[in-house]
**Q** 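Handing you this structure, nothing more for now.
Order of the sequence lines fixes the chain letters, A, B, ..., with proteins taken first and strands second; residue numbering starts at 1 for each chain. In this text, all values refer to a predicted model and were calculated from it rather than measured experimentally.
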2 protein chains.
Amino acid sequence: MATHFQGSPAEISSLNVFITLFRAADTIQSRFARHLRRDGLTGPQFGVLESLHHLGPLEQHVIAEKLLVSRGNITFIVDKLEQLGLIARAVITEDRRCNRVTLTPKGSEFIARIFPEYAAYIAEIMSGLTEDERLALTCLLKKLGKHNNQEIAS
Amino acid sequence: MATHFQGSPAEISSLNVFITLFRAADTIQSRFARHLRRDGLTGPQFGVLESLHHLGPLEQHVIAEKLLVSRGNITFIVDKLEQLGLIARAVITEDRRCNRVTLTPKGSEFIARIFPEYAAYIAEIMSGLTEDERLALTCLLKKLGKHNNQEIAS
DNA sequence: CACCAATAGTTCAATCTTAAACAATTCAAG
DNA sequence: CTTGAATTGTTTAAGATTGAACTATTGGTG
């Protein structure tokens with residue numbers, strides 16, 4: 001994209017980040033999704049299970065915010081996982097608008113079993129970088145993300 | 001995700017990159033898509049127009065490879081842009097399996113007019129980083145992407 | 001208390017995307 | 001040449017995702 005574009009240096013370097021960011025994310029996402037399909041999961045389904053696994057029971061809107069998907073989509077995803085018997089909804093008394101989503105024993109066993117495989121797979125995906133590079137990359141991406149989260153709020 | 005996960009340092013830093021990469025990409029993608037909607041475009045539609053604008057006429061499979069979407073999806077996207085009168089298909093004589101996609105005068109005028117706005121918008125998105133940081137980030141992401149493209153081939 | 005805005009979850013229509021099967025064409029080995 | 005493999009684009013069915021409208025509930029203000 002930027003290759004044949006005439007602009008200021010800041011515009012050119014920005015376009016290069018933009019392109020490279022999405023190409024890397026798409027490539028990795030595609031690899032990861034193909035892996036998930038073997039376990040019959042989509043990315044967001046895995047995200048919900050993983051969130052509950054590491055953070056405990058969560059309300060639906062918290063999950064939506066965490067995974068950056070719409071509330072309507074969370075309803076859909078939670079429906080699927082509930083049909084699979086991996087999670088359960090529970091209305092909470094303090095605020096009856098909310099559903100608290102929890103892992104069932106089956107779901108808990110499932111995510112605990114498969115998560116280490118995915119952690120190892122992600123480590124392989126990132127093994128093209130050194131430890132220092134991974135830390136630096138995380139730092140830069142966090143800074144970039146923070147800048148753009150603030151922009152949304154405003 | 002990595003916050004409550006016990007693993008090797010390489011696994012933890014890898015998970016951190018993974019999470020941060022997708023959060024940043026999703027946040028930015030969402031901002032960008034909202035901007036595109038005002039011009040009645042989706043991300044991939046913009047990608048097709050921009051590719052043709054900067055690279056000249058391209059065959060469909062080249063566009064698919066470049067944008068990392070399926071061939072079937074390119075058929076769909078090109079259909080849409082053709083209905084809008086922004087691009088045209090042309091069968092080429094050297095290989096009659098291929099369609100060469102070109103910008104119409106209307107499409108060419110359109111992308112030439114809106115592209116600078118988006119370049120400026122992307123520069124704003126990336127303005128949370130310094131020039132050096134943008135260059136470093138691009139470098140790291142390219143290295144990461146290259147590693148994972150090779151893996152797909154094998 | 002009464003009312004109105006804000007919030008949580010659901011539903012629905014529209015759109016996007018993919019994978020797989022298919023037809024047409026090209027290429028390569030014999 | 002001819003046959004079989006590979007490639008290009010299209011079609012189709014299935015599924016994912018969003019935004020908007022809707023209901024139920026909560027919270028705050030007068």
**Q** Between atom CZ in A:Arg38 and atom C1' in C:dA19, what is the gap in whole Å?
**A**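 So the CZ-C1' distance, A:Arg38 to C:dA19, works out to 16 Å.
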
**Q** For A:Arg34 and A:Ser30, does a side-chain donor sit closer than 3.5 Å to a side-chain acceptor?
**A**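 Looking only at side-chain atoms, A:Ser30 and A:Arg34 do form a donor-acceptor pair, the distance falling under 3.5 Å.
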
**Q** Could you tell me how far apart B:Glu65 (CD) and D:dG9 (P) are, to the nearest whole angstrom?
**A**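 Roughly 11 Å, once rounded to whole Å.
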
**Q** Taking only side-chain N and O atoms of A:His61, does any of them lie within less than 4.0 angstrom of OP1 or OP2 on C:dT7?
**A**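 No, because none of the side-chain N or O atoms of A:His61 sits under 4.0 Å from OP1 or OP2 of C:dT7.
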
**Q** Can you measure A:Glu94 atom CD to D:dG27 atom C1' for me and round it to whole angstrom units?
**A**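 After rounding, the gap between these two atoms is 16 Å.
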
**Q** Calculate the interatomic distance between B:Asp79 atom CG and C:dC16 atom P; express it in whole Å.
**A**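 Going from CG in B:Asp79 over to P in C:dC16 covers 12 Å.
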
**Q** Is it true that atom CD of A:Glu65 has more than 12 heavy atoms of other residues, nucleotides or ligands lying nearer than 6.0 Å?
**A**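 Open: at most 12 neighbouring heavy atoms sit under 6.0 Å from CD of A:Glu65.
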
**Q** Between C1' on C:dT17 and CG on B:Leu67, what's the gap in Å once rounded to a whole number?
**A**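 Result: 14 Å.
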
**Q** Can you tell me the distance, in whole Å, between the CD atom of B:Glu59 and the C1' atom of C:dT26?
**A**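 Atom-to-atom, B:Glu59 to C:dT26, this comes out as 13 Å.
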
**Q** Report the residues that fulfil ring pair (Phe, Tyr, Trp, His ring centres under 6.0 Å) with B:Tyr118, sequence neighbours left out, ordered by chain and then residue number.
**A**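 Here the qualifying residues are B:Phe32, B:His35, B:Phe46.
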
**Q** Working to the nearest 0.5 Å, report the span between CG of A:Leu141 and CZ of B:Phe22.
**A**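 These two atoms lie 11.0 Å from each other.
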
**Q** Under 4.0 Å between a Lys/Arg side-chain N and an Asp/Glu carboxylate O for B:Asp95 and B:Arg100?
**A**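 Salt bridge flag = no for B:Arg100 with B:Asp95.
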
**Q** Treating primed atoms plus P, OP1 and OP2 as sugar-phosphate and everything else as base, which nucleotides of nucleotides 12-25 of chain D get B, S or - for protein heavy atoms under 4.0 Å?
**A** ----SBBS----BB

**Q** For the pair A:Glu117 and A:Arg38, find out whether any cationic side-chain nitrogen is under 4.0 Å from an anionic carboxylate oxygen.
**A**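 Salt bridge: no.
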
**Q** Figure out the CZ/C1' separation between B:Arg89 and D:dT10, and round it to whole Å.
**A**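 Spelled out: CZ on B:Arg89 to C1' on D:dT10 is 9 Å.
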
**Q** Atom CZ of A:Arg100 to atom P of C:dA8: distance rounded to whole Å?
**A**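 To the nearest whole Å, that distance equals 13 Å.
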
